[in-house]
Amino acid sequence: MKYARRLVAGTLAAGALALSLTGCGDSVDPIERLGRKTTQEAPEPGSGTPSAAPSGTPSGAAGTASDEAYRKWGLEAPVAYAPKPARKPQLPTAGPGRAPVVDRIPVAPDDKVVFLTFDDGAEKDPEFLEMAADLKLPISMFLTDNVASADYGHFEKLRDNGSASTINNHTLTHPNLRTLSFAAQKHEICGQQERLEKRFGTRPTLMRPPFGNYNDDTLRAASECGVAHVVLWRVSMQINNFQYAEGSALKPGDIVLAHFRGPSELKGATETRMTARMLQRIQEQGYRIGRLEDYL
């Protein structure tokens, strides 16, 4: 049994390492890092044939977007939101003293719902605050102290805009945790837990390892720091399109990774433009957006 747990942890870590190719700091170059399927040009939001995605407004914990908000931000249909599920899905478990790893929410095959997560906190664009508030986007934020703390107030506004967005742990300094000792990993994770709790009044229950890289020590440290789930992803947003860990389309329950990034890293694009493209890609595939914490 002990060997089996080590094998599973090693397999997950290898998968996380593969995903790290699109992880923090690397999800902004659709030509050099993506591959042919995701580098193809796609129509800009606001042009071409209207999306066939189902319309709707946020329900459950998230607020309600205005009827015309989507037009303001270059979308051709309202963003569709998934209501809070009546029952939470059965999630992966971990060994004693380990935080479980989640990289896709196990929903029904016909439940076309995905989840928005944004990492780091380097970019603090006031226009994005307006966009997220207008659309009532439920975002799970994973903040790194050494880049986000210059203006934690920005992310507090994002949290408090009526969308039920949340603030979570992405370590103090964004290291590759797999290269650190258990004690050093615990410092990175617990240290950020404490800073976020002191600043925002709530101790996060979710943590994302930088680059998606982790090992058994990470899961032990996360558990000891009060983390309920270590959250990875299956899809990452580049400048114009998605990059998929498997296949060439979204799958029900996918956790989508994006970053708080500005024009210098997005080849001149803004955070709002990148997000509009991301929402359009979700609409094109007929998916709704759920609030991640409602399923965990």
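Residues satisfying the salt bridge (charged side-chain N to carboxylate O under 4.0 Å, His left out) criterion with Asp160, sequence neighbours excluded, are absent altogether. Listed by chain and number, the residues in a salt bridge (charged side-chain N to carboxylate O under 4.0 Å, His left out) with Glu197 are Arg203 (sequence neighbours excluded). The side chain to side chain contact (heavy atoms under 4.5 Å, CB included) check on Ala228 picks up Thr205, with sequence neighbours excluded. Remark: Thr173 pairs with Glu188 by the side chain to side chain donor-acceptor pair (under 3.5 Å) rule, at least two apart or across chains. Not a single side chain to side chain donor-acceptor pair (under 3.5 Å) links Lys157 to another residue, sequence neighbours left out.
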*Begin with the C-alpha distance, continue with both residues' side-chain angles, and end with the deciding distance and a verdict on salt bridge (charged side-chain N to carboxylate O under 4.0 Å, His left out) for Arg234 and Asp103.*
CA-CA 6 Å; Arg234 290 290 186 96; Asp103 62 1; 3.0 Å; yes
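The CZ atom of Arg261 sits 12.5 Å away from atom OG1 of Thr275, with the distance rounded to the nearest 0.5 Å.
Within the 6.0 Å centre-distance limit, the rings of His174 and Phe211 are counted as a close aromatic pair. For Phe155 and Phe118, the gap between ring centers reaches or exceeds 6.0 Å.
Between the side chain of Ser163 and the backbone N or O of Pro138 there is no donor-acceptor pair closer than 3.5 Å. Side chain of Tyr81 to main chain of Gly290: no donor-acceptor pair is present (N/O by atom type, distance under 3.5 Å, no hydrogens or angles).
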Atom pairs and distances, side-chain donor-acceptor, residues 218-226, under 3.5 Å, sequence neighbours left out:
| from | atom 1 | to | atom 2 | distance (Å) |
| --- | --- | --- | --- | --- |
| Thr218 | OG1 | Gln185 | OE1 | 2.5 |
| Thr218 | OG1 | Asn215 | N | 3.0 |
| Thr218 | OG1 | Asn215 | O | 3.4 |
| Thr218 | OG1 | Asn215 | OD1 | 3.1 |
| Arg220 | NH1 | Asp217 | OD1 | 2.8 |
| Glu224 | OE1 | Lys186 | NZ | 2.7 |

